[in-house]
Amino acid sequence: MKSALIFILLGFCFTQYVTVQAQNPIGLKVSASLRGLLLGAAVVVKYLQPNIDQGQYNSNVVKNYQLIVPGYELKPEHIWLDENVYNFSDADWLLGATPNTTGWVQQNGMQLRGHTLVWAYDMRIPRWLLDREASITPEKAKTLLRNYIYTVVGRYRGKIQWWDVINELISNYNNTRPFYIANSFWYRKLGIDYVKYAYIFAHEADPDAKLYYNDFGIQQGGFKADRVFDLIDWLKSENVPIHGVGIQWHIKVSETVTPGDAHYQTAQRFIDRNLDLMVTELDISIPMVDSHPVDPNDIQRQGLAYRSILDYVLYFAPRTPALLTWGFTDRYSWIPAATNYTQGEALPLDANYQPKPAYWQMQDDLARVLLNGIYRLSPKSQPSTCLGIAGNSTRSAVQLYTGACNQTNQQWNLMWLGDGTYRFSPQSVDSSALNAYNVTASTGTVRIYEWIGSFDQEWVISCQGNATYRIGPRNAWQRVLAVDQTSNIVIMNSTRDERQQWIIH
Ligand code: XIL
């Protein structure tokens, strides 16, 4: 009764969470792709080398994410060695050094966020620039800023879809500068206008790139967020090209996020300004003592917190194109050192690359679109028919039946497997399951077969509208279960035709 009530309340596309653990998750990338969300993580370029941790760092990035942001390799302090002297080795390895060459990013079907053109306070401005401050005129400073942005953005023009133009501009402390911005070399030379220049130069260097402002401690509104709103209103009033705001979301596990709260209200205020919004650096720190959580329950709590922030991102879609975490495994995270080892274990994979509750919660939230139960499956192209099995054998063929479909061979026991996929068992032969054959052939076929837990028996389901779903085989998840022109049930490439959509009811 209770679960039926939840089902009704949440509608057909969303389900109540239950944490289930499975050996072999399909990967967050698959589930996020099917939801139209980009999941990303900050990476350290040298760890992507195949010899690091037996390739586990690399393979977990490729398995779970469509988007990366280099954690420091695109920062001025790393790239800008002197006037006209640049270190592009890591960025070139990622993206290719020239317009016609590719790098790891394109070769792995990834996208990349650039972070950051200006990191707005002196500690993060290249030392050589500060050392020469006395001899640099404002005019020279503007030329330096222009040259830097043109050189970096121009080199990767068309390859970096999003840039953090300015990072962490607003100071956490009261001061007399406009918008309470941080003091910095750029401010001292050019005043607040340097912020405008940076966006304008970036836009000139790559007119297609989406230009962001990125900051921390603003997710819940408040004094600092208000200064960011003021800054954005000013930039917009000056017609400066700014397209989005990155909210870093470095938070503690005690911070809770619920629909309608200050986090949601703050996101809405950005969106009301016609800006895209990204969660750019999520990590959720847990209080630690002697390298262990002070409260072991915090690992579960953290899972729910990750889920709640993913829900927030999904709620504001399509204004929220991506969610990125700052790292992805507790093996490599900036949190312990940055907090003097009082906080840690902030990411979804543990230090041995094993999924934590945070990972399972996100997997479940993204992919679990239906509750377990008995369902009929009708192609949207032929809604008065439904899928059934022909015969009682454990290896029966499948076909469409016309009518009310009240027979047990025309109804399916749908089971969430916890790994991002589902099993479909005919009610009349529950020990068997829908099984795909030759999934990569131009036309794959489908029968039932004894349930042996093979990936050919696992299916990804995604919601395409009210009670309408797309069903794909795990081993070829971009393809779909479909009805062909002669009403055979097949696996084919996805075209979003009604023959490829299923009413699950
Ligand atoms: C951090 C990196 O993770 C560290 O390795 C580096 O020492 C300092 O910077 N906000 C940001 C990121 O915008 O650039 C920071 O990254 C984390 C906080």
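Order of appearance sets the numbers: ligands from 1, and atoms from 1 within every ligand.
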In ligand 1, which numbered atoms sit nearer than 4.0 Å to a non-hydrogen atom of [X]?
| X | value |
| --- | --- |
| E168 | 10 (N), 11 (C), 13 (O), 18 (C) |
| N167 | 11 (C), 13 (O) |
| H115 | 11 (C), 12 (C), 13 (O), 14 (O) |
| Q248 | 10 (N), 11 (C), 13 (O), 18 (C) |
| K75 | 1 (C), 2 (C), 9 (O), 12 (C), 14 (O), 15 (C), 16 (O) |

Please check if a non-hydrogen protein atom sits closer than 4.0 Å to atom 7 (O) of ligand 1.
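No, no protein heavy atom sits under 4.0 Å from atom 7 (O) of ligand 1.
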
If we ignore angles and hydrogens, is there a donor and acceptor under 3.5 Å between the side chains of [X] and [Y]?
| X | Y | answer |
| --- | --- | --- |
| N175 | Y173 | no |
| D206 | W163 | no |
| Y341 | D290 | no |
| H263 | Q219 | no |
| Q248 | N167 | yes |

When you measure from atom 3 (O) of ligand 1 to every protein heavy atom, which one gives the shortest distance, and what is it?
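I find the closest protein heavy atom is W326 NE1, 2.8 Å.
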
Please report which non-hydrogen protein atom sits nearest to atom 5 (O) of ligand 1, along with the residue it belongs to and the distance in Å to one decimal place.
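For atom 5 (O) of ligand 1, the nearest protein heavy atom is W334 CB, 4.7 Å.
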
Please check whether E281 reaches ligand 1 - meaning an N/O of the residue sits under 3.5 Å from an N/O of the ligand, judged on distance alone.
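Checking ligand 1 against E281, an N or O pair does fall under 3.5 Å apart.
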
Any idea which part of W119 is under 4.0 Å from ligand 1, heavy-atom wise: side chain, backbone, both or neither?
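For W119, the contact with ligand 1 is made by the side chain alone.
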
So which bit of Y72 gets within less than 4.0 Å of ligand 1, heavy atoms only: side chain, backbone, both or neither?
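Looking at Y72 and ligand 1, no heavy atom falls under 4.0 Å.
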
Can you establish whether the number of heavy atoms outside Q107 located under 6.0 Å from its atom CD is more than 12?
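Yes.
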
Flag side-chain contact, heavy atom, 4.5 Å: W186 against I181:
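No; the side chains remain at least 4.5 Å from each other.
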
Is T421 close to F455 at the side-chain level, that is, under 4.5 Å between some pair of heavy atoms?
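Sidechains of T421 and F455: no contact.
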
Taking the non-hydrogen atoms of R124, is any one of them nearer than 4.0 angstrom to ligand 1?
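Right, R124 reaches ligand 1.
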
